[in-house]
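This report concerns only the one structure given below.
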Protein chains: 2
Amino acid sequence: MKPLSKAKLKLVEATIESLMEEGVDGCSVRKIAEKAQVSTGLINYHFGSIDNLIAAAYSYLAFTFLDSAIEASMKSEGDARQQLSAFIKEIFSGQVLQRRVLRAWVVFWGLIDSSPAIQSAQSDSNSSFTSYLEQLFMQLQELKGKQISPKMAALGLTALIDGLWLEMCLEEGAIKPLQCRKLCEHWVDSI
Amino acid sequence: MKPLSKAKLKLVEATIESLMEEGVDGCSVRKIAEKAQVSTGLINYHFGSIDNLIAAAYSYLAFTFLDSAIEASMKSEGDARQQLSAFIKEIFSGQVLQRRVLRAWVVFWGLIDSSPAIQSAQSDSNSSFTSYLEQLFMQLQELKGKQISPKMAALGLTALIDGLWLEMCLEEGAIKPLQCRKLCEHWVDSI
DNA sequence: AGGTAAATTGAACGAGTGTTCAGTTTATAT
DNA sequence: ATATAAACTGAACACTCGTTCAATTTACCT
């Protein structure tokens, strides 16, 4: 993730806000420029097109969330099992668990066919997520013996996290963060 | 799900095709009308607005997929465990596992804030899905004893299925259908 | 201070959007 | 066959979109 210039960062942050508030409707040079308090021409100047701006916003956001979860996990200083718990706890801590975040993600997914940059960003962030979990599962299985490979365990947990997040964002009240954590902990304990 | 008239069904099917092919870009009266081989005015005539047409398309599609999975499950004639396996097998059978299906779903999710009809359709189909699974988990737990409630087990499996489907659609080759089935079977066996 | 490059503005442009609606065609009932 | 209702057409409309670009402003270097 290379650092963004101040001007670019301003546009990226405005984009994230616009997408989180209005989803697809927020995907508009006029709305983004207004939020950034700049003129619409700057989007093309700095990013070449609105699609590239959105891809940049995606990369920035995805890695921001992942970094904070990994950081929480590493801070726990316990063994792999405790690090997994800390990771899960951070993921379901409330920042991500809002429909506003899903709104932005829906835009990103909608552009995945037409934007190689978004497809790349998705691949990169997803594999970082899964690789980190796989590493923790490997350490876990050194202690416990094997039922499922660390890679599959990581893929399963990633999917479970994504699915639960989707469930929570699509339907408020369907399931609570604590329940999500319990289900994820159950997954980890079942390996 | 009330039956659609022939004319409405034609538009609904054209909508599904348009959204599956082009995602958000296929969300266009002109493109849908062309696929249905009718004039654009018919969308407003029959459905009042394009949003209502899309909501109708969503209901139709969601219940079509769910019905086929439930049907396969019921056909298996085995006990609850076997029915769960048949359900999982049908879900990961290939019909749903295409990016084209995700493309349509991304449009539906994108409209969830602004279309009460889509929010309802999502709630209804999701709770039908989860309720059916919950019922199977209840029968399963009569035989096996309880670790996690049937409702939570169903929610977890629903989330796992959704997450795996998302993974497969977003990134071809990341995970195979057979692996998805294994992970789901692992979930079921871990309850 | 002066010159140049970079950043920025905002209006114009062509393209596309969903909705509206008068006119036409088709279906239905008698 | 006739009358009426329903279904359908397709053009027009007002609006929004992202991109382009000449002009202006700001930043940077000497």
Side-chain angles (χ1 to χ4, degrees), chain A residues 2-19 21-58 103-104 106-108 110-118, chain B residues 2-19 21-58 103-104 106-108 110-118:
Chain A
K2 70 183 170 183
L4 297 167
S5 68
K6 199 170 169 185
K8 283 186 174 180
L9 183 58
K10 197 176 182 184
L11 278 169
V12 163
E13 285 170 344
T15 301
I16 288 165
E17 193 180 338
S18 191
L19 297 186
E21 283 178 8
E22 300 193 57
V24 172
D25 292 342
C27 199
S28 148
V29 287
R30 285 170 176 82
K31 286 180 183 178
I32 291 163
E34 189 183 339
K35 277 192 192 310
Q37 293 178 310
V38 297
S39 81
T40 63
L42 267 203
I43 288 167
N44 282 74
Y45 180 76
H46 282 295
F47 291 94
S49 71
I50 185 167
D51 280 1
N52 291 341
L53 171 57
I54 289 167
Y58 181 30
R103 273 190 211 114
V106 165
V107 174
F108 300 142
L111 291 170
I112 203 161
D113 284 323
S114 54
S115 168
I118 289 188
Chain B
K2 70 182 169 183
L4 296 167
S5 68
K6 200 169 167 188
K8 282 186 173 179
L9 184 59
K10 197 175 182 185
L11 278 169
V12 162
E13 285 171 344
T15 301
I16 289 165
E17 193 179 336
S18 190
L19 298 186
E21 284 178 7
E22 303 195 53
V24 173
D25 293 342
C27 199
S28 148
V29 288
R30 287 170 176 78
K31 288 181 183 178
I32 290 163
E34 189 184 337
K35 279 195 188 307
Q37 293 177 309
V38 298
S39 80
T40 62
L42 265 204
I43 287 165
N44 284 72
Y45 179 78
H46 282 296
F47 292 94
S49 70
I50 185 167
D51 280 2
N52 290 343
L53 170 57
I54 289 167
Y58 181 29
R103 272 190 212 114
V106 167
V107 174
F108 300 142
L111 292 170
I112 203 161
D113 285 324
S114 53
S115 168
I118 290 190

What nitrogen or oxygen pairs link the protein and nucleotides 25-29 of chain C at under 3.5 Å?
none

Exercise for review: Assign a letter to each nucleotide of nucleotides 5-10 of chain D from its 5' end: B, base within under 4.0 Å of a protein heavy atom; S, sugar-phosphate only; -, no contact.
Suggested key: -SBBBB
Review point. Taking atom P of C:dT9 as reference, at what distance in whole Å does atom CD of A:E34 sit?
Key: 13 Å
Practice item. Could you list the residues that satisfy side chain to side chain donor-acceptor pair (under 3.5 Å) with A:E22, not counting sequence neighbours? Key: A:K31
Exercise for review: Can you see which heavy atom on A:A57 is nearest to which on A:T15, and at what distance?
Suggested key: CB-CG2, 3.8 Å
Point to revise | pair B:I32-B:I50: side-chain heavy atoms closer than 4.5 Å | key: yes
Exercise for review: Measure the spacing between CG of B:L4 and CZ of B:F47 and express it to the nearest 0.5 Å.
Suggested key: 6.0 Å
Short heteroatom pairs, N/O only, protein and nucleotides 16-18 of chain D, under 3.5 Å:
| from | atom 1 | to | atom 2 | distance (Å) |
| --- | --- | --- | --- | --- |
| D:dG18 | OP1 | A:C27 | O | 2.9 |
| D:dG18 | OP2 | A:V29 | N | 2.9 |
| D:dG18 | N7 | A:R30 | NH1 | 2.8 |
| D:dG18 | O6 | A:R30 | NH2 | 2.9 |

Exercise for review: Provide, to the nearest angstrom, the distance between the CG atom belonging to A:L11 and the C1' atom belonging to C:dA7.
Suggested key: 12 Å
Point to revise | B:I112 and A:V106: CA distance, side-chain angles, deciding distance, side chain to side chain contact (heavy atoms under 4.5 Å, CB included) verdict | key: CA-CA 11 Å; B:I112 203 161; A:V106 165; over 6 Å; no
Check your understanding: Just how far is it from atom OG of B:S49 to atom CG of B:L53, taken to the nearest 0.5 Å?
Key -> 8.0 Å
Check your understanding: Which whole-number value in Å describes the distance from B:L111 CG to C:dG18 C1'?
Key -> 13 Å
Check your understanding: How would you list, by chain and number, every residue that makes a salt bridge (charged side-chain N to carboxylate O under 4.0 Å, His left out) with B:K10, sequence neighbours excluded?
Key -> none
Review point. What distance do B:N52 atom CG and B:I43 atom CD1 have between them, rounded to the nearest 0.5 Å?
Key: 11.5 Å
Review point. Can you name the ring-ring contact (aromatic ring centres under 6.0 Å, His included) partners of B:F108, sequence neighbours left out?
Key: B:Y58, B:W105
**Study point:** Whether A:D51 side chain and A:S115 backbone form a donor-acceptor pair below 3.5 Å
**Key:** no
